[in-house]
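Source: prediction; values computed, not measured. Side chains included, hydrogens not; waters and symmetry mates left out as well; all remaining heavy atoms used. Just so it is clear: chains get the letters A, B, ... in the order the sequence lines come, proteins before strands, and each one is counted from 1.
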Number of protein chains: 4
Amino acid sequence: MGVKKVDGRLERGRRAKAAILSAAIDIFSEKGFDGTQTSEIARAAGYAESTVFLHFKNKHGLVLAIMQDFYRGLMDGANIILATTHDGEEQLVALVQHYLVELLKGWRIVRLFATIARYTEDETLEQFMEHNRAYTGLYIDIFEGLKADNTFREDVDARQLRDMLFGTIEHYAMANFTRASSPDIGVFIERTFSILFYGAKSDSSLSAASRNESGVDKKLDAILALLGDQDKKGA
Amino acid sequence: MGVKKVDGRLERGRRAKAAILSAAIDIFSEKGFDGTQTSEIARAAGYAESTVFLHFKNKHGLVLAIMQDFYRGLMDGANIILATTHDGEEQLVALVQHYLVELLKGWRIVRLFATIARYTEDETLEQFMEHNRAYTGLYIDIFEGLKADNTFREDVDARQLRDMLFGTIEHYAMANFTRASSPDIGVFIERTFSILFYGAKSDSSLSAASRNESGVDKKLDAILALLGDQDKKGA
Amino acid sequence: MGVKKVDGRLERGRRAKAAILSAAIDIFSEKGFDGTQTSEIARAAGYAESTVFLHFKNKHGLVLAIMQDFYRGLMDGANIILATTHDGEEQLVALVQHYLVELLKGWRIVRLFATIARYTEDETLEQFMEHNRAYTGLYIDIFEGLKADNTFREDVDARQLRDMLFGTIEHYAMANFTRASSPDIGVFIERTFSILFYGAKSDSSLSAASRNESGVDKKLDAILALLGDQDKKGA
Amino acid sequence: MGVKKVDGRLERGRRAKAAILSAAIDIFSEKGFDGTQTSEIARAAGYAESTVFLHFKNKHGLVLAIMQDFYRGLMDGANIILATTHDGEEQLVALVQHYLVELLKGWRIVRLFATIARYTEDETLEQFMEHNRAYTGLYIDIFEGLKADNTFREDVDARQLRDMLFGTIEHYAMANFTRASSPDIGVFIERTFSILFYGAKSDSSLSAASRNESGVDKKLDAILALLGDQDKKGA
DNA sequence: GATGAATGAGTCTTCATTCAT
DNA sequence: TATGAATGAAGACTCATTCAT
């Protein structure tokens, strides 16, 4: 019973902190860092402005806490996927799927992190880059695996691939999540990997262009020609 | 004499405006919109703070002017390329080449536009989106042309391609332009189009998945068939 | 058992109060009234901030308590000196000696009292002035005694003397106690009373000015007179 | 005429600055540094609060400006006195006279400087100490001159004398200037120098006390005795 | 007796923008 | 055209103090 009493106090504090954090996410998301007033966060959370500073050191401290929460969730999910899937390509698709879902929930705060990071040099930036490095590192590992696997060409640069993938996703998210309509993540993944894996070029084009360069096509044609001749002759 | 006076005045005004704009670009680029003070711009330009507001309506007005200048230059260059190149793929490469060079000069202000656009709903946003639409529209047109051409698969989505291309470029620019070392644009373009056109997958991998759809497989089948015939004959 | 509990509680409370008071002295001394935060006092004392207000009405209440303690100690010492010494001059020297020692221990809090008193009109000021009046009154009494005694000139103003003495001491304390090196109180007392009792002027200088009033001159005149007689006789 | 126009602008700024400074003196004097709000200063001066920060960098900047003004006036006056008076004692009296008059006008701000200096470690403290050193240095020089002169005893410590003089003056100022009644500076100077030059002791006391210690008296008595004997003998 | 949580009332300082000259 | 002066509207953050437990 005595324990319950004490817990009640702690519980109260925890609730306040959570409420403030939640309000902060909403308002930061909508208005950006500089556009958000701590007073508004407090009001939205139902507490006095000073209470914000009781639970968080700074306005920046709020962002830091939000960031930590977001990336913890993201990494937890990713690790589960990696632990339960073993094929590289499957992992890739599952991770992107998961990332897109998380991004769909929190793209506005990710956008917040990015904007802050661009014009700041302090702890916030470092934290953000650290989280990012950790997360995108998972993909690099998979890409390298797929190269070792001979699934991917060995002349493909893993970081280039990562940049293309995340660049594409970010671009997509910013462009599509803004709208009210829920985007079709499945289609996006399919299209993205279709190009990422097989390229945009059509067969006929390939034979004319790249295949000419790789020589495979020419050799095959030569073989066919030779075989045809042989055939005729033999006939 | 009266004319001269007026001309002199106009000239003087123009020079002030240009100086302020130039200073604004520098400081906005480095510190972002909210982080920049009009007083600092004025100081850097060598004019009084109030002179800034003599030539520009607003702090936002400065950004608008910068944006106009940037996109005018970008579009002018692009149009020259389009007028002097006729092959779709060549246009694509030339445009990206040009875009990267412009971006290398002004990526920090593009970043500025983007961050402002995210948390603003006014004229700045509209202008930015309008400029963007106009520019990326050029690419959409080319992509469509390449599809009509049968250079690109018909199941490829032009906007998806555009998103991938610009997403990749943006990601690359943000990641690489920050550093002092000048990045190798040629390598980047090569790698990017290599994947965009032909995909990341290796041949052996392709045989399992897409090769069935590509012509290589068919040719190999043909060869096998021919060989099979030979075999029979030889038997 | 019940009694023990209560005693224990009282004991506990007393200990907390003392700890807080002690911490308050340290921090107030170093940072002044406005520069000190109650939270810091609490932290230094090892208690929660709210506990400070359990034992003291106010931030000002802390100062009041410190003041009471300081002056109680000072007066107790002074009264012992007065009770055990009977010659006015000796009392004076002993009191100053004692005061300087106490001041050396607590000059920073005396300084605190003084600064607070200057910009406050409430209880703190009154208490401080009352304590001061009581203490310096001891000196006035001695000065008056020394005048009645004919030890001091009757045209000397007792309060003027008190002001000079305390002014000098305060000036000395503020100037010398700040440094780490322990000042030589003995030398200071000697020098101070030397000037206070006999003045700064040298004998030769005195002969021109005040010596006429002092006996030395008369005696020298007598000598001269006598010598003059001798001279005449010898002639 | 054109000049007048420009001057008008500058004049306006000067007037504002002066008004703010004047208001700041009043309010700082009454309420101390921490007790004063910049908003109140502005209100009293008839300007917006932000105008205060247009003319002064800081709240501290106000104090610094006030200090500069005060000490400039003080030093200017002192230097005139030193340039027009040549006898050390006269200089001393004239300087103290002048100092007291200045202090009577501005004792509250001097008190302000002192209180700030006690709990601050920044520029304000340094400036204050520097000004103080410069001013009291004038007195040290005079004291040394009077010692070289043999007007003062050579065993008198110049800095001790300075401390006593300024300690006394400060004590007097704080004690007497607070009251509405204008204090009699002439009487104070007379009394102070009377004790500082000749000491508090009466003649009879001197013969009994210090003279016994100094031995002068004894020697004179011995001479008298000897001469008396001689006289008797010779008679 | 002790305290964690909460807060109201500041407080200085910033900065884009206006305006008279 | 150019600007010095002036300001209103914030805006983040502080801190002594209260109170329920």
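When Watson-Crick and G-U wobble pairs are counted only if both distances are under 3.5 Å, F:dG11 pairs with E:dC12. Nucleotide F:dC19 is matched to E:dG4 when pairs are restricted to Watson-Crick or G-U wobble geometry with both distances under 3.5 angstrom.
Each of D:Asp34 and A:Ala16 has a nearest nucleotide on DNA chain E; the 5'-most of these lies closest to A:Ala16. Nearer to the 5' terminus of DNA chain F, by closest-nucleotide assignment, is the contact made by A:Ser39 (compared with the other of C:Thr38 and A:Ser39). Take the nearest nucleotide of DNA chain F for C:Thr36 and for B:Glu49: the residue whose nucleotide is more 5' is B:Glu49.
An OP1 or OP2 oxygen of E:dT17 is reached within less than 4.0 angstrom by a side-chain nitrogen or oxygen of B:Asn58.
Between D:Glu49 and D:Ser39, the side chains place no donor N or O within less than 3.5 Å of an acceptor N or O (distance only, hydrogens not considered).
Comparing F:dA2, F:dT17, F:dT7 by their closest approach to the side chain of D:Thr51 singles out F:dT7. Closest to the side chain of C:Ala48, out of E:dT3, F:dG4, F:dA5, is E:dT3. Here F:dT3 is the nucleotide among F:dT3, E:dA2, E:dA6 with the atom lying nearest to any side-chain atom of B:Ser50. Side-chain atoms of C:Lys59 lie closest to F:dA16 of the nucleotides E:dT13, F:dA16, E:dA5. Each of F:dA12, E:dC12, E:dT7 was ranked by its minimum atom distance to the side chain of A:Phe53; first place goes to F:dA12.
The separation between D:Arg15 atom CZ and F:dG4 atom P is 18 Å, rounded to whole Å. With rounding to whole Å, A:Ile20 atom CD1 is found 10 Å from E:dA6 atom C1'. Counting to the nearest Å, the C1' atom of E:dT3 and the CG atom of A:Leu54 are 13 Å from each other. Rounded to a whole Å, the CD1 atom of A:Ile27 is 15 Å from the C1' atom of F:dG11. Across the protein-nucleic acid pair, C:His55 atom NE2 and F:dT17 atom P stand 16 Å apart, rounded to whole Å. As rounded to whole Å, 15 Å separates atom P of E:dA16 from atom CZ of B:Phe56. When the P atom of F:dC13 is taken as reference, atom OH of A:Tyr47 falls 21 Å away, rounded to whole Å. Atom P of nucleotide F:dC13 and atom CD1 of A:Ile41 are separated by 11 Å, given to the nearest angstrom.
Of the residues C:Phe113, C:Tyr119, C:Phe28, the one that meets the ring-ring contact (aromatic ring centres under 6.0 Å, His included) test with C:Phe33 is C:Phe28.
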>> Between C:Thr120 and C:His60, does the side-chain contact (heavy atoms from CB on, under 4.5 Å) criterion hold? Intermediate values first, please.
In response: CA-CA 11 Å; C:Thr120 211; C:His60 277 280; 4.2 Å; yes

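Here the side chain of D:Thr115 pairs a donor or acceptor atom with the backbone of D:Leu112 at under 3.5 angstrom. Formation of a donor-acceptor pair under 3.5 Å by the C:Ser29 side chain with backbone atoms of C:Arg108 is not found in this model.
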